[in-house]
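Scope of the values below: all heavy atoms of this structure, side chains included, with no hydrogens, waters or symmetry mates. In this chain, residues are counted from 1 in sequence order.
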Amino acid sequence: MPDVYRALGDSTRRRILSMLKQGNKTQKEIVEAFDISQPAIKKHLNILLEERIISESLNGKYRIYSLNLNILQIAYHEMLQYIEDLLDDQLVSLKNYVEKGEFRDEDD
């Protein structure tokens, strides 16, 4: 599964994803939207590709980037499940503390 935190942990990558949300873009279009070098943008694109958050296709000499919506949906649901599990554990600890005065160790 993709490391969503790695992919979304950088503001440039988040901006690239926002651009792709509006439709497929060429590498040139993405580079022109930023005040950083083409090699720097390519590194960000490579991270997004490695995490399979985006996909790349060739159209002649142009590289076209698009969101991989299926992977994003899976990652979204996994993140929600992770957060739900964290909250459930905290609620169980709170319930035990309130009802019995017991505090469950986080390592349990």
Checklist entry - Same cluster or not: are Ile30 and Leu8 linked, directly or through other Ile, Leu, Val, Met, Phe, Trp or Tyr residues, by side-chain heavy atoms under 4.5 angstrom apart? => result yes

Next on the checklist: As a quick check of understanding, evaluate side chain to side chain contact (heavy atoms under 4.5 Å, CB included) for Tyr65 and Leu45, giving each step before the final call.
Outcome noted: CA-CA 9 Å; Tyr65 294 93; Leu45 290 169; 3.8 Å; yes

Checklist entry - So how far is it from Ile36 CD1 to Lys43 NZ, rounded to the nearest 0.5 Å? => result 10.5 Å

Next on the checklist: Between Ile54 and Met79, is there shared hydrophobic-cluster membership here, with clusters defined by ILVMFWY side-chain heavy atoms closer than 4.5 Å?
Outcome noted: yes

Item to check | Same cluster (ILVMFWY, side-chain, under 4.5 Å), Ile64 and Leu69 | outcome: no

Next on the checklist: If hydrophobic clusters are built by linking Ile, Leu, Val, Met, Phe, Trp and Tyr wherever their side-chain heavy atoms come under 4.5 Å apart, do Ile47 and Val31 end up in the same one?
Outcome noted: no

Checklist entry - Are side-chain heavy atoms of Ile53 and Asn68 found at a separation under 4.5 Å? => result no

Result block: side-chain N/O donor-acceptor pairs under 3.5 angstrom for residues 15-23, not counting sequence neighbours:
residue : atom : partner : partner atom : Å
Arg15   : NH2  : Ala33   : O            : 3.1
Ser18   : OG   : Arg14   : O            : 3.2

Item to check | Common cluster, Leu80/Ile71, ILVMFWY with side-chain heavy-atom separation under 4.5 Å | outcome: no

Item to check | Distance (rounded to the nearest 0.5 Å) between Ser66 OG and Lys25 NZ | outcome: 11.5 Å

Item to check | Flag side-chain contact, heavy atom, 4.5 Å: Leu72 against Tyr76 | outcome: no

Next on the checklist: Using 0.5 Å steps for rounding, measure from the NE2 atom of His44 to the OG1 atom of Thr12.
Outcome noted: 4.0 Å

Checklist entry - Under 3.5 Å, is there a donor-acceptor pair between the side chain of Glu29 and the main chain of Thr26? => result yes

Next on the checklist: We want to know whether Glu50 and Asn46 form a side-chain donor-acceptor pair, criterion being a heavy-atom distance below 3.5 angstrom.
Outcome noted: no

Item to check | Inter-residue atom distance Ser37.OG - Lys42.NZ, 0.5 Å rounding | outcome: 13.0 Å

Item to check | Gln27 versus Tyr62, side-chain donor and acceptor atoms under 3.5 Å | outcome: no

